[in-house]
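Below is one structure; the comments refer to it alone.
Heavy atoms only: backbone and side chains are in, while hydrogens, waters and symmetry mates are out.
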Amino acid sequence: MQLDDIRAFSADQDRGAWFDILDPVTGQQTGIRVKVAGPDSEVQNRARLRLADDLTEVADAEGRVTAEARERARIDSLARCILAWEISEDGEPVPFTHGNVVRLLKAAAWVQAQVDGFASDRAAFRRAG
């Protein structure tokens, strides 16, 4: 591997990769797809930096952050790593907004776990060949 290979790998991660959300019991595709930036992308780097800032903002005088505030910030950070999606509600496409992505992630812990797992999997972002 050379420096240009590393740069190309990071660029691929910024473009993101599509991930199908699976039913947590059957493993079948749910029809919901999200495009996620990779763990070495600038997108995720900015999300991590924003998470640190957000936690600093909600810390008390002793630097403590409540579990509730920490969880809100974590979900908000994960939502920033999603670049696009294919999802519908009541048969209509759901607009891609940060608020709607947060709503999806808050809908179920298993959705968060799948997105978070994919977002941290470097192998998922390496182009074949």
With distance as the sole test, does Ser120 use its side chain to make a donor-acceptor pair with the main-chain N or O of Asp116 at under 3.5 Å?
-> yes
Within the distance-only criterion (no hydrogens, no angle test), does the side chain of Ser41 pair as donor or acceptor with the backbone N or O of Ala37 below 3.5 angstrom?
-> no
Can you find a heavy atom in the side chain of Asn45 that is under 4.5 Å from one in the side chain of Asp40?
-> no
Minimum heavy-atom distance between Cys81 and Val43, given as atom pair plus value | CA-CG1, 4.2 Å
Which atoms form the tightest heavy-atom contact between Leu22 and Gly27, and what is the distance?
-> CD2-O, 3.7 Å
Is there a donor-acceptor contact under 3.5 Å from the side chain of Asp14 to the main chain of Glu42?
-> yes
Taking only Lys NZ, Arg NE, NH1 and NH2, and the carboxylate oxygens of Asp or Glu, determine whether Asp53 and Arg46 approach each other closer than 4.0 Å.
-> no
When rounded to the nearest 0.5 angstrom, what is the spacing between CD1 in Ile75 and CG in Leu51?
-> 11.5 Å
Would you say the side-chain atoms of Asp23 and Gln28 include a donor-acceptor pair closer than 3.5 Å?
-> no
Compile the donor-acceptor pairs under 3.5 Å between side chains in residues 104-113 and protein atoms, sequence neighbours left out, one pair per line.
unit_1: Gln112; atom_1: OE1; unit_2: Arg74; atom_2: NH2; d: 2.3
unit_1: Gln112; atom_1: NE2; unit_2: Leu105; atom_2: O; d: 2.8

Pairwise side-chain hydrogen bond (donor to acceptor under 3.5 Å, both in side chains) hits with a residue in residues 81-99, at least two apart | Arg33-Glu86, Asp76-His98, Glu89-Arg103, Thr97-Asn100
Looking only at heavy atoms, which two atoms of Pro39 and Gln13 are closest? And how far apart?
-> N-OE1, 3.0 Å
Could you state the interatomic distance from CZ (Arg48) to CZ (Arg80), rounded to the nearest 0.5 Å?
-> 13.0 Å
Would you say the ring centroid of Phe118 lies under 6.0 angstrom from that of Phe125?
-> yes
Is Leu78 reachable from Leu55 through a run of hydrophobic residues whose side-chain heavy atoms are each under 4.5 Å from the next?
-> no
One should read off an interatomic distance between Phe96 CZ and Leu83 CG, to the nearest 0.5 angstrom, of 6.5 Å
What distance do Arg70 atom CZ and Asp54 atom CG have between them, rounded to the nearest 0.5 Å?
-> 12.0 Å
Do the side chain of Thr30 and the main chain of Ile21 share a donor and acceptor less than 3.5 angstrom apart?
-> yes
CD on Gln44 to OG on Ser77, rounded to 0.5 Å | 8.0 Å
